[in-house]
Protein chains: 2
Amino acid sequence: MTTRNIRKTNNEMKGRAVTSQRKLLLDILRKSGGHISAKELYRSASRRNESISLATVYRSLQLFKELDLVEERRLGQVFCTYEMKESAEHQHLVCRSCGKVIEFESPLIRRLVEALKHEHGFNLTKIELYMEGYCKECAKNASDIV
Amino acid sequence: MTTRNIRKTNNEMKGRAVTSQRKLLLDILRKSGGHISAKELYRSASRRNESISLATVYRSLQLFKELDLVEERRLGQVFCTYEMKESAEHQHLVCRSCGKVIEFESPLIRRLVEALKHEHGFNLTKIELYMEGYCKECAKNASDIV
DNA sequence: TATATTTTGAGAATGTTTCTCATTCTCATC
DNA sequence: GATGAGAATGAGAAACATTCTCAAAATATA
Ligand SMILES: [Zn+2]
Ligand SMILES: [Zn+2]
Ligand SMILES: [Zn+2]
Ligand SMILES: [Zn+2]
C-alpha cells in the first residue's frame, strides 16, 4: 500500500486556520461532556495555555458555531453554555434547586417541527426547548420540610 | 344600595405597595401586546414619568414575575422580553431575517410535559420552546436572489 | 396624623460578551 | 526551508444588560 500525497481537505475547520488555541478549545469541549460556559472553558484552557485570551475563547466559540461544531444554549442563566454537536439532538430540563441538567429527547418534538412547517411555512434552523422545575429528589426534600 | 366599607383586598399586588410607577408599568405592559424589553419599557415609561429609573423597571419586572403577572422570555437576544401572563400559554417562533415573532401553541407540548413528569418525576414550573428560522416571506425572498 | 415599612432615583458596580489594534501565527507558494 | 499575505491572537477597553447601594420619598397601617 503506497501512501499517496492526498491533499488533506481540512474537513472540520473548512479552510479556517488550525491554531493551537482552537485545537485546545475543541479538545476541552469534547472532553467536557457538554454544558460548559465560556468562562469555564477559558479557565480550563488557561491551565494548559497560560496566555490564552478570553476574547479568543469567545471568538473561537463563535467560529465553532458557524462551522456547526458546537451548539450554544442558554440554560436559565444569563450566560450561554456550549457543547459539541456530535451528540444526539436533545433538549434540557434544569432543576431550579440543585441545578442538575437532565437531557432528553422526544419524538413529539420532531412532530411539532413538522406541524409548524406545514402551518406557518416556517423553515426552522434552531429548536430550543428549555424546561425548568424541581427534580424528583429536590421535590421530595421540599415536601419533607413542610 | 349602600356602599359598605369593604376592605379592598389588593388582589393583583398581593399586599405589595401600589405605587404610581408600578401602575404605569403594568399599564404599558398590558397595552404593549407582549415581547417588550426592559429598555423599551423604560423608554415608554419615561415619556409619561420623566424621572422613572431603569432600576425601578427591573425591580418591578422582578416583582411582577413573582406575583405571576408577567412572563419573562428570551427570544434569541441577550436581553429578556416581557409580556402579561393573561394571554393564553403560547410558544414563540422567531424569523432570523425580519425578526417577526409568531406565537403558537400546540397540544403536543402538553403531552410532552406529561411524558416528562412520568419519565423523570420532574415537577415543571417553566416551559420555553424557542424556535428560530426563516418565515415564508423571507425564505421566498432568499430563494429569489439565488 | 404619626410611624414603621417599602419603594424609589441616581449612579456605581457587576457580569457577560464584543471590539480594537498592534503583534504573532498559519499556510499556500516558491 | 524561507517568504509574504491574510488570518488569528492577547490585552485591555468598550458595550451591553442587569443588579446593588443608600439616602430620600412614598405608602400602608393604626
Ligand atoms: Zn434537584
Ligand atoms: Zn445538552
Ligand atoms: Zn421573516
Ligand atoms: Zn408571546
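Numbered from 1 within each chain, the chains take letters A, B, ... in sequence-line order.
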In the structure I gave you, are the side-chain heavy atoms of [X] and [Y] within less than 4.5 Å of one another anywhere?
X        : Y        : result
A:Val101 : A:Leu93  : no
B:Glu72  : B:Thr81  : no
B:Leu124 : A:Glu132 : no
A:Lys100 : A:Val94  : no

Tell me the interatomic distance from [X], atom [atom1], to [N], atom [atom2], rounded to whole angstroms.
X       : N      : atom1 : atom2 : result
A:Asn49 : C:dT24 : CG    : C1'   : 13 Å
A:Leu54 : C:dT17 : CG    : C1'   : 8 Å
B:Gln21 : D:dA26 : CD    : C1'   : 9 Å
A:Phe79 : C:dT17 : CZ    : P     : 8 Å
A:Lys14 : C:dC27 : NZ    : P     : 17 Å

By nearest-nucleotide position on DNA chain D, the 5'-leaning member of B:Thr19 and A:Thr56 is A:Thr56
Tested for salt bridge (Lys or Arg N to Asp or Glu O under 4.0 Å) against B:Asp27, the lone hit among B:Lys23, B:Arg30, B:Lys31 is B:Lys31
Within residues 22-45 of chain B, the residues having a heavy atom closer than 4.0 Å to DNA chain C are B:Arg22
message = Could you work out, with side chain to side chain donor-acceptor pair (under 3.5 Å) as the rule, every residue matching B:Glu103, not counting sequence neighbours?
response =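 B:Glu103 satisfies side chain to side chain donor-acceptor pair (under 3.5 Å) with B:His35, B:His90 only.
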query: So does A:Glu105 pair up with A:Arg110, basic N to acidic O under 4.0 Å?
result: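 Looking at A:Arg110 together with A:Glu105, the answer is yes, because their closest N to O distance falls below 4.0 Å.
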query = Taking the nucleotide of DNA chain C with the closest heavy atom to each, which residue, A:Arg74 or B:Glu50, is nearer the 5' end?
reply =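 Here B:Glu50 is the residue nearer the 5' end.
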Original post:
Linking I/L/V/M/F/W/Y whenever any side-chain heavy atoms sit under 4.5 Å apart, do A:Ile52 and A:Tyr82 land together?
Top reply: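 Same cluster.
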In numerical order, the residues of residues 57-70 of chain B whose heavy atoms come under 4.0 Å of DNA chain D are B:Tyr58, B:Arg59
